[in-house]
Amino acid sequence: IDLQVEYALSATAFKPVGLIKEAIDKELEFNPLEKGRTGFACSLSPEAFKLLKLYDPQIKILNQIDTFAGLTQGTKFILSYSLWGNLNIQKQFFITNGTFKNNFKFQSFPFDAQKLSYDIILVNNGRANTNNSLFIPTNQAYKFLFGIKDVDLNEWKHSGADYKNDIMADGGYDNNSVTFYHNIERNFSYYLFKIILPIIIILFISLSVLWIHPREIEARLTVSIVCLLSLIAYTFIIDKDIPKLSYLTIMDYVVLVSY
């Protein structure tokens, strides 16, 4: 996930910016060729930015569950300075190789749709509002969001993607946050044609006992027991595809009604 944080510092509020203003004002005073400039822009590495002792926003991933996700400390800082003493800073970074946790709802299984989200916050310790330090996706972020539609997800299909800025509580403080999410829908054809349809056929076979003479008790029992065991076998097949749940899914209701 590639994105950036954009924020502004003023010379009157931040001493390092004031020192930058003093140095540039002095340079302009002795260099007439630079008088027409209204500002400048440059990019810095994290190491060079650290030497300036400017505010460096810290990023935190809320729903990451492993230690393999790489979050850079700022792959690049882009500084844009105006001569009246305002410094705009863009901190660009990316996240790679992460495992994230999400809350999934399986009540509609196998006709369910899920939302895969990635929650990232800017740790600004209560100074959050909807107008400052917003996360801004870069071009690579849009590739991440919409490029997944070209990836083979096996039993899932990509149905949309987006992101939203918000304010999220963490550590007792409100912090600016961004949530990237993918909407995916399950391809239910497998369950429809290889589980639900065979169950319906098994039910029709079980009804055949009504045409077996009552004196043929063994034959009637054999058909009924075979059908029951087949339904139980399908229950085990279904259970392999979803976690153990405390509630019933659509597929569970189908099997229970079949019993």
Side-chain angles (χ1 to χ4, degrees), residues 1-25 27-28 34 36-64 69-98 100 117-148 161-168 170-171 173-182:
I1 310 173
D2 290 67
L3 65 157
Q4 63 190 27
V5 182
E6 185 172 327
Y7 55 102
L9 306 176
S10 66
T12 56
F14 294 90
K15 186 177 179 180
V17 182
L19 295 176
I20 292 173
K21 178 173 172 54
E22 289 178 13
I24 292 176
D25 289 345
E27 175 68 22
L28 292 176
E34 297 290 331
R37 295 189 64 174
T38 58
F40 74 89
C42 65
S43 62
L44 297 174
S45 66
E47 295 76 17
F49 185 82
K50 190 175 181 180
L51 295 176
L52 294 177
K53 297 182 179 178
L54 294 170
Y55 169 61
D56 182 4
Q58 299 304 304
I59 311 301
K60 183 177 180 181
I61 313 171
L62 288 185
N63 61 335
Q64 174 190 336
L71 174 61
T72 69
Q73 297 303 311
T75 54
K76 184 168 60 174
F77 289 85
I78 299 176
L79 280 63
S80 177
Y81 178 78
S82 58
L83 296 185
W84 50 86
N86 285 332
L87 182 65
N88 284 325
I89 302 174
Q90 294 178 357
K91 178 181 180 180
Q92 298 183 345
F93 60 96
F94 61 85
I95 301 166
T96 58
N97 301 328
F100 300 83
S117 64
Y118 317 89
D119 302 319
I120 307 161
I121 67 168
L122 172 68
V123 184
N124 43 12
N125 296 333
R127 296 190 294 274
N129 63 64
T130 55
N131 297 318
N132 70 1
S133 300
L134 293 182
F135 288 97
I136 304 170
T138 64
N139 290 334
Q140 293 298 322
Y142 290 109
K143 282 185 180 180
F144 165 75
L145 284 174
F146 299 103
I148 197 173
D162 207 344
Y163 77 96
K164 66 175 181 178
N165 287 108
D166 204 351
I167 292 179
M168 196 173 293
D170 181 66
Y173 295 102
D174 287 336
N175 300 281
N176 287 99
S177 69
V178 63
T179 299
F180 291 90
Y181 56 87
H182 289 113

So, the side chain of Ser10 versus the backbone of Asn86: is there a donor-acceptor pair under 3.5 Å, distance only?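 Side chain of Ser10 to backbone of Asn86: no pair is present.
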Please confirm whether the backbone N or O of Asp119 pairs with a side-chain atom of Asn63, one donor and one acceptor, at under 3.5 Å? yes
To the nearest 0.5 Å, what is the distance between [atom1] on [X] and [atom2] on [Y]?
| X | Y | atom1 | atom2 | result |
| --- | --- | --- | --- | --- |
| Leu44 | Phe49 | CG | CZ | 7.5 Å |
| Ile78 | Lys91 | CD1 | NZ | 13.5 Å |
| Leu51 | Ser45 | CG | OG | 8.0 Å |

Name all residues meeting the side-chain contact (heavy atoms from CB on, under 4.5 Å) criterion together with Asn88; count only those two or more places apart in sequence or in a different chain, and write none if there are none.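 Result, side-chain contact (heavy atoms from CB on, under 4.5 Å) vs Asn88: Ala8, Ser80.
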Partners of Ser43 by side-chain hydrogen bond (donor to acceptor under 3.5 Å, both in side chains), sequence neighbours excluded?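 Testing Ser43 for side-chain hydrogen bond (donor to acceptor under 3.5 Å, both in side chains), a comparison that skips the adjacent residues, returns none.
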Quick one, Val178 with Asp166, criterion side chain to side chain contact (heavy atoms under 4.5 Å, CB included). Give me CA distance, side-chain angles, the key distance, then yes/no. CA-CA 6 Å; Val178 63; Asp166 204 351; over 6 Å; no
Would a 4.5 Å heavy-atom cut-off, applied to side chains only, mark Thr179 and Ile120 as touching?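 No, too far: nothing below the 4.5 Å cut-off.
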Do Phe77 and Ile89 have side chains that get closer than 4.5 Å, going by heavy atoms? yes
Run the ring-centre check on Tyr118 versus Phe180 and record whether the distance is less than 6.0 Å.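 No, the ring of Tyr118 stays outside the 6.0 Å limit from the ring of Phe180, centre to centre.
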